[in-house]
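See structure below.
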Amino acid sequence: MTTIEAPTETHEAISPDASTPDADDGLLSLLTTTDHKMLGMMYVRLSMLFGVAILGIGAVVGIERSQPDSIDLFGSVDQFFQAWTAYRVGLVFLVVVPLFLGLATAIVPLQVGSPAIAFPRAAALGFWCWTLGAGIVLAGFAIDGGVGTPFDRSDSEAVALTLAALVLTVIGLGLSTVCVVTTVIALRPEGMYLDRVPVFAWSMVIAGVTWLVAFGVFIGNLVLAYVDLRGRAPVLYGQEQNIFGQIQWMFAAPQVLAFAIPAFGIAGDAIATSTNQRQPRYGVLLGGIGALGVLTFGAWAQRAFQPSNQNLTENGVYVAQGILTALAMLVILGGFASAIVGSIRNIGRPNAWFIGAVAGLLMVTIAGDANVLRVIEPLDLIDTSAETSVMNYALIGALIAGVAGVYYWAPKFLGRKLSGGVGSLAMLGLLGGTIALALPDLISGFLGEGQPEFVLLGYEPESSVESLNVIAMIGAFVVAGAFALAFLDMLAASARSSEVDLADDPWGGQTLEWATTSPPPLGNFAAPVATVRSPQPLLDDEAPATDDGTEAN
Amino acid sequence: MLTTGFKTFFGWALLAVFASLVYGWVSGGGGVGPLSLGWKGGVGDHAGYGILLWGGVIFGALGALLVSFRDADAEAAAHHRGMNSAPAGQRPLDASYWPLVAALGAATTVVGLVVSQILFVVGIVLCGAAAFEWATYAWADMATGDPDANRELRNRIMLPMEVPMLGFAAIGVIVVSVSRIFLAVSANGAVLVAIVVASLIFFGAVLLNFKPDLPKNLVAGVAMLGLVGVLGGGIWGIAAGERDFHHGEEGEEHSEEGEGHSDEGEGHSDEGEG
C-alpha cells in the first residue's frame, strides 16, 4: 500500500540526508526554522497552551454567571466584561484558528505531496507575528485594556495596544493562511487535481479563503476603532462602549461557523481512515464544504452598522444563509454517517481521534442547527444567551476536532503516537463538557436570558436560568479540564524519546502523508511522488478507483 | 477547459453577487439601484451590499486567476514551460533569522505606535532591514539551480554589509542599554553591575577559549539570553528613569539622592570618584 514508486521525472525529491540547519530542534533552530513541520508543531503547542488559559478564563466567567448576585470575582462590571470578551477573542484568534493553521502548516504539504510549504519564510513570519501579537493581546487584556468596556473605565492606552496587537495577530494568521492555501492550489503533484485533494486540505482552502476575506473587514473594523480612539476625543467608533459591538460579528453566527469548517476536513480524513473505505460521493462532500465557505461568510452582517430600525432577522439573505448553512452541514453529516454505517464492522474499537472527529462534527452541526433557531424572528433569540450557545457549540466543537487532528497526525509532526486511553477520556470529556456548557445557554435564550450578561451583572436571574447557568459553569470546567488533559498528554509524548520503530502508516491512512516516514525527512518524501489517480492514492494499489470515486470491482 | 478551481470560485462569485443584489433590494434599495451599483437609485444598506459585492469581485478574480493557470496543475505547468515533466516544487529553504526579525519589528512598531515614538521608529527600521534582507534572499534563491551556490552568492554580496552593520547595531544596543542601567541604579549599584557584566564577559570568553567545542546552540542560546537580559535591563532603565542628580549652582558638582550624602550637607562630590 504505497504510492512511492520508481522515480518519475515529476517533482524532484530532496535527499533526506541533505544538510539542513533544522536538523536538530535546539533553541536556535526553533527561532530560525522555515520547516513547515516544526512551524506547525510550534503553532499547535502554543495554541493549546493558550487554549488552557482561555478555557480557564471561560470557566471563571462561568462561576460569576452562576451566582451573579452573590459572587463578585471581578470587582466591577467592566472587568467582568474584559474577561468575557477575552474568552471570545482568545478562543477564535489564539486557540481555534491557530490550532487548525498549525495542523494545516504541518500536514497539508504532506497531504498534497509537496516537499515544502509555499513561501516557507512567510509561513515563519506568520507564526512569529501571531505569537508576538497574541502575547501583546493577552498583555493588553491583563493591564486593564481589551476591546472596550461598557462603562468606559478601562485604560484607553491599553485598549489601543490590544486593538493594534490584534491587527498584528490577524495579519500573522492571514499570512499562514495564504501559505497553506497556496500550497494546495500550486504545489500539487501530477494527477492530483483539485477534486482529488484530501478533505482536510480542501477544507483549509475553503476556510482559508473565507477567513482571508473576513480578516480584511475585521482589520478595517479594528483600524477604524483605533484611529478614533487615538484621536483627540473618540467620536463614535473608538468610544469604548462601542468597540466590541463593531467586532461582535466575528464571534457570532454565521462568521463563527466559518472557523469550524476545517472540522469537517479532519472528520472526513479520520472517518475514511477508520472505516478503511473510500468516502462515497467524494465530489458532493467537497461541494458541501465549498458551500459552507460561502454560506458562513459573515462580514457583511454587522449589527453595529445596521439601520436602527432594522433587525438582521428581518433580512432575507441573513435568514436564508442560516438555513442553508444548516442544510449543507446536514448533507455532509449524512454522507459521513452513511460511510460509517456502511463499514461499521471495519471500525472495531474506535481510536481517540475517531471519537474526537465524530464528536466535533456533531457539535459543529448542532451549532448550525441552533443557529437556524436563532435566525427565526418569532423565536426572538437574537441578543440572548442563545448566541453564546451557538458560539460555544461551533468553537468548542471545532476545538474537539482540532484535538482529534493532533492525535491523528501526531506520528507525522511529533514522531510519536499519543496515548489512546488518555485521548479517549479527553475527547469524551470535551464532548460532555461542550453539551453541558452550550445547551443550557440555548434553553436560557428561550427563557429570555440576555446575551450581554455584563450589563446585567448583579441582577437576579430566574431560578431556572440560575440552575442552567450552574450546569453551564460545570460544563466550562469539564471542557477546560479535558482540554488540559489532552495538552499534557501531548507534552508528555514530546518529552518521551522518539519511537524509532514507528510505522509510516500506523492507522491505515489513505492520503499521501501516510506514504512517507513518521516523522518525514527534510523534503518530506524520500522518493518522488508518483502520479495520483484518485483522492485516496494509498488505496489505489489495492483496488483502483472508478471515475465516481468508488472502488472498481 | 473550465477547471475545478474556476468553477468553485466562479460559483462563489455568482452567489455573492446574487446575494448582494437580493440584500440591496430587501434592505431598501430601489428597483435598478443594486443592479447599477447605485447609479440609478439606492442600493439599500451600503455596508452589507458593498461587502457582498466586493466578495463577488474577489472570488471572480480568484476564479479568473485559477483558470489562467489551469488550477496550477503540474501537467499544465510543464506544458506552459514547454517541458516534458513538471518543474520541481517548492524546495525546503535554509533556516533564517529574518522572519523572526521582521515579526519583532512589526511587534515593536505596534507597541511603539501606542507607547513611544522611539520604539515605533526602531520597529520600522527593523521591518525595513528585514524586508531588504528578505528581498536579497529571494533573489539569491533563484539565481542558480544549486542551493549551495545560491547561499554562497548571497553571502558574498551581503556579509560585507551585514557584519559591520550588525556589529555597530549590537555595540549601540549594548552601550545604550548598559548606560540606561547605570543611570537608573545607584552609584554603587552601577559599579556592581559593571563588575558583574565585565566578569561574565571575561569568564565567558575564558570558558570559550578552553572549551571551543561547546555546543553551538548552547553558546548561541546563552548569548541570546545575555543580549535579551541587557536589552530588558535597558528598557527597564528607560522606564525607571535616571536617578536624581542634584546639580550644584555652577552646574559642575552634583550628588545623588539615596546615597546618604549630598553636596550641600557635606560638600561631598561625586565628581572625581570616577
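Side chains included, hydrogens not; waters and symmetry mates left out as well; all remaining heavy atoms used. A, B, ... follow the sequence lines: proteins, then strands. Residue 1 opens every chain.
Heavy atoms of Tyr318(A) lying under 4.5 Å from chain B are absent altogether. Proximity to chain A (any heavy atom under 4.5 Å) is shown, for Val101(B), by neither the backbone nor the side chain. With a 4.5 angstrom heavy-atom cutoff, Leu161(A) touches chain B via backbone and side-chain atoms both. Proximity to chain B (any heavy atom under 4.5 Å) is restricted, for Trp202(A), to the side chain, taken from C-beta onward. Using a 4.5 Å cut-off between heavy atoms, Leu104(B) touches chain A through backbone and side chain atoms alike. Heavy atoms closer than 4.5 Å to chain A are found in both the backbone and the side chain of Tyr137(B). The part of Gln302(A) that comes within reach of chain B is its side chain, from C-beta onward, which places non-hydrogen atoms under 4.5 angstrom from that chain. In this structure, chain B has heavy atoms under 4.5 Å from both the backbone and the side chain of Ile206(A). For Ala16(B), no part lies under 4.5 angstrom from a heavy atom of chain A. Using a 4.5 Å cut-off between heavy atoms, Tyr226(A) touches chain B through its side chain atoms alone.
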Exercise for review: For Lys7(B) and Asp195(A), run salt bridge (Lys or Arg N to Asp or Glu O under 4.0 Å): C-alpha distance rounded to whole Å, both residues' side-chain angles, the deciding distance at 0.1 Å, then the answer.
Suggested key: CA-CA 11 Å; Lys7(B) 285 185 273 188; Asp195(A) 53 358; over 6 Å; no
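Judged by distance alone, the side chain of Trp300(A) and the main-chain N or O of Leu53(B) form no donor-acceptor pair under 3.5 Å.
Here Val114(B) is the residue among Val114(B), Ile51(B), Val115(B) with the most heavy-atom pairs under 4.5 Å with chain A. When Ala103(B), Gly221(B), Ala102(B) are compared by the number of non-hydrogen pairs under 4.5 Å with chain A, Ala103(B) comes out ahead. Across Val167(A), Val213(A), Val209(A), Thr183(A), the residue that shares the most heavy-atom pairs under 4.5 angstrom with chain B is Val209(A). Taking chain A as the reference chain and counting heavy-atom pairs below 4.5 Å, the highest number among Ala19(B), Ala107(B), Ala106(B), Ser96(B) is found for Ser96(B).
Heavy-atom minimum distance, Phe305(A) versus Asp45(B): O-OD1, 4.0 Å.
Heavy-atom contacts from other residues, nucleotides or ligands closer than 6.0 Å to CD of Glu162(B) number more than 12. In this structure, Trp134(B) places its CH2 atom where more than 12 heavy-atom neighbours from other residues, nucleotides or ligands lie under 6.0 Å away.
Atom-to-atom distance recorded for Leu295(A):CG and Leu15(B):CG is 6.5 Å, nearest 0.5 angstrom. Atom CG of Leu62(B) is separated from atom CD1 of Ile185(A) by 8.0 Å, given to the nearest 0.5 angstrom.
Among Leu31(A), Thr131(A), Leu30(A), Leu125(A), the single residue meeting the side chain to side chain contact (heavy atoms under 4.5 Å, CB included) criterion with Leu100(B) is Leu31(A).
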